[in-house]
Amino acid sequence: MAKLIDGKAVSQKIKEEVRDEIESKGLDVGLAVVIVGNDPASRVYVNNKKKACEFCGIKSYEYALPEETKEKELRDLIRTLNNDPNINGILVQLPLPKHIREYKIIKTISPKKDVDAFHAENVGRIVIGNYAFLPCTPAGVMELIHSTGTDVDGKECVVIGRSNIVGKPMAMLLLHENATVTICHSHTKDLAEVCRRADILVSAVGKADFVTADMVKEGAVVIDVGMNRNAENKLCGDVKFDEVEPKASYITPVPGGVGPMTIAMLMKNTLSAKYLQS
Ligand code: GUN
């Protein structure tokens, strides 16, 4: 029987720390939240981010733009926000509509206000280990691993998925703590065998029921970053929870695992951005 990792509780504590610091120091902190188009999942994420801002005492400024917004219009808005002293952090919710090049948009965000840590300058700083911001989801996963008391040093860690948002930076953060890290992806040969080596297995694939019991070592820590809908339209992760849970020592549920951590780390980054700009 695995112990459940309670992402709600861990994230709540982090948000309370951010709130208490903002309150005790009387800081004025602002986050611009930009959403383009009508993606329903993005709308839910943005609403949750705004709610967390309210809890922490961060002013959120929403910019909801229509689907047909031109790339130049969005870049012009970002340039305005870059120069606005009331705005400490800029978050552009991804994915963007197809006609807008994400890399152009990310490049336009001032690295000092890039609270997602997506800008190439911040990605480079993460690789070097001299960072201003940690990428929210991987940083949240590290917090969850730490909450179990697991020492990452020297552990075999396997990350499934190589996205810029999760897989690649996740591997870097594990490496910074002296893990031996393997990144798996769609071309990996004998995925199950590689995954079975993992003391810590992180799945960021985006497919329901992708991680099955035969891919998990007895006693592994299993972190599920997936956020999917199953055949019954129920929210679920990448991990086939019922069969993996008995083998794991610790496991994150979906929902209530990694999801709330991403938002808590965003709050933390927004506070860091405030300090960076003062
Ligand atoms: N879309 C999915 N995850 C994220 C995230 O962490 N940040 C932003 N901006 N968009 C996302």
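Everything quoted here is computed from the prediction, not taken from an experiment. When a ligand or atom number is given, it counts from 1 through the structure's own listing order. Counting from 1, the numbers follow the sequence of the chain as shown.
Using a 4.0 angstrom heavy-atom cutoff, Phe118 counts as in contact with ligand 1.
Under the 4.0 Å criterion applied to side-chain N and carboxylate O atoms, Lys155 and Asp151 are not assigned as salt-bridge partners. Between Arg43 and Glu62, at least one side-chain nitrogen of the basic residue sits less than 4.0 Å from a carboxylate oxygen of the acidic one, meeting the salt-bridge criterion.
For atom 7 (N) of ligand 1, the closest non-hydrogen atom on the protein side is Asp116 OD1, 3.1 Å. Counting protein heavy atoms only, atom 4 (C) of ligand 1 is closest to Gln93 NE2, 4.2 Å.
Pairing each heavy atom of Glu156 with each of Arg197, the nearest pair is CB-O, 3.3 Å. The heavy-atom pair separating Thr188 from Ile183 by the smallest distance is OG1-O, 4.5 Å.
The heavy atom nearest to atom 1 (N) of ligand 1, out of those in Ile263, Asp114, Leu94, is found in Leu94.
Residue pairs meeting the salt bridge (charged side-chain N to carboxylate O under 4.0 Å, His left out) criterion with at least one member in residues 21-32, sequence neighbours excluded, are Glu21-Lys25, Asp28-Lys59.
For ligand 1 and Val92, the ligand atoms under 4.0 Å from any heavy atom of the residue are 8 (C), 9 (N).
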